[in-house]
Structures are given as structure tokens and as C-alpha cells.
Amino acid sequence: MLIGELSKQTGASARSIRHYEKLGIIGSHRAENGYRRYSEETVEWVKAIRFLLCGGLSLSTIARILPALMNINCKLEDPEIRRVIEEEAINVKSRMEQLDQSHRILTAALEKGYLRRPSE
DNA sequence: ATTCTTACA
DNA sequence: TGTAAGCA
């Protein structure tokens, strides 16, 4: 299928699809006219990319785990993949703590009616 | 009509 | 990532 149909079936823009390909996350072969052609399974790959993206993973991180993840083992058997995911979980936890701190500062300001200046 | 590459008031 | 431009 051409990029237009892949886009239609996955919801990803042609621009994004070309970007994923440039990053090596998905592949394609060219037709005589130079148009990109994708296999049916690429649809699943792009859907997986979008899913992981919604999970907060960066494209560079996805590029590292998706290949193995889409392979024979969708289980986390590969220790390398497992490691990457564990690191991501830690990053997410870290971000949650940052957000919690922001939340505390904001709610405290609302309760007291003013923002506490660090210099005083 | 659709895709391609390149580039950014 | 969007979008416009100029081709094929």
C-alpha cells in the first residue's frame, strides 16, 4: 500500500510516517515511480508507535524497543528491551514526582492567597 | 490525484 | 509536526 492508505489506516500523517521511516523504526520499498510501498504488517507497527508515543516514550526510545517488541517475542524476554522499559518506567516516576512538587507549590499558593517568593 | 523532497512569515 | 513549493 502507498503512504496515503497507511496514513488512513493508522491515523498517522504522511509526514510522521516518513519521519518514523527516516529514524529507521519502520521500513518500506520503493516502486518504479519512487513512491513508498508498505506491507500490511507496517500498519501494526505504526499503530504500535502511536500507542507507545501516547505512553510518553520518545521516538528514539521506541526505535530501540519496537523492533524486538514486534518480533517473535512480544513478551519482554529480551533483557535489553526489558532494561530500556525499566529505565522508562523510572523516568516516568521521576516526572510524576516533579509534577507532584509543582502541584504542591500551586495548591499552597492558592490556599495562602499568594505565591511565596524564594528570597524571603 | 497522489507522492516526493526540501525548507520555514 | 504542519504546511507550502515545485516536480514527477
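In what follows, chains are A, B, ... by sequence order, proteins preceding strands, each numbered from 1. The figures that follow rest on heavy atoms only: side chains count, while hydrogens, waters and symmetry mates do not.
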| field | Transitive ILVMFWY side-chain link A/Ile81 to A/Val92, under 4.5 Å | value | no
| Given DNA chain C, 5'-ward residue of the pair A/Arg50 and A/Asn33, judged by closest heavy atom | A/Arg50
| task | Specify the residue among A/Tyr35 and A/Ala12 whose closest nucleotide of DNA chain C lies further upstream toward the 5′ end. | result | A/Ala12
Starting at [atom1] of [X] and ending at [atom2] of [N], how long is that distance when rounded to a whole Å?
{"X": "A/Lys8", "N": "B/dT2", "atom1": "NZ", "atom2": "P", "result": "10 Å"}
{"X": "A/Tyr38", "N": "B/dT2", "atom1": "OH", "atom2": "C1'", "result": "13 Å"}
{"X": "A/Glu21", "N": "B/dC4", "atom1": "CD", "atom2": "C1'", "result": "12 Å"}
{"X": "A/Lys22", "N": "B/dT5", "atom1": "NZ", "atom2": "C1'", "result": "9 Å"}

Does [X] reach the side chain of [Y], with side-chain heavy atoms less than 4.5 Å apart?
{"X": "A/Tyr38", "Y": "A/Ile26", "answer": "yes"}
{"X": "A/Ser28", "Y": "A/Thr42", "answer": "no"}
{"X": "A/His103", "Y": "A/Thr107", "answer": "yes"}

| Do other residues, nucleotides or ligands put more than 12 heavy atoms under 6.0 Å from A/Arg30 CZ? | yes
| said: Whether the side chain of A/Ser58 engages the backbone of A/Thr61 through a donor-acceptor N/O pair (distance < 3.5 Å, no angle test) should be reported. | reply: yes
| remark: By nearest-nucleotide position on DNA chain B, the 5'-leaning member of A/Glu5 and A/Arg15 is A/Glu5
| So, is A/Arg36 close to the B/dC4 phosphate, meaning a side-chain N or O under 4.0 Å from OP1 or OP2? | yes
| query | With respect to the side chain of A/Arg30, which nucleotide from B/dC4, B/dT2, B/dA7 is positioned closest? | reply | B/dC4
| Who pairs with B/dT2 - Watson-Crick or G-U, where each distance is under 3.5 Å | C/dA8
| request: Searching all strands shown, indicate the nucleotide that pairs with B/dA9 (Watson-Crick or G-U wobble; both distances under 3.5 Å). | output: none
| field | Along DNA chain C, first and last positions that approach a heavy atom of chain A under 4.0 Å | value | C/dT1 to C/dA8
| field | Check against side chain to side chain donor-acceptor pair (under 3.5 Å), A/Gln9 and A/Glu5 | value | CA-CA 6 Å; A/Gln9 288 187 38; A/Glu5 197 186 329; 2.7 Å; yes
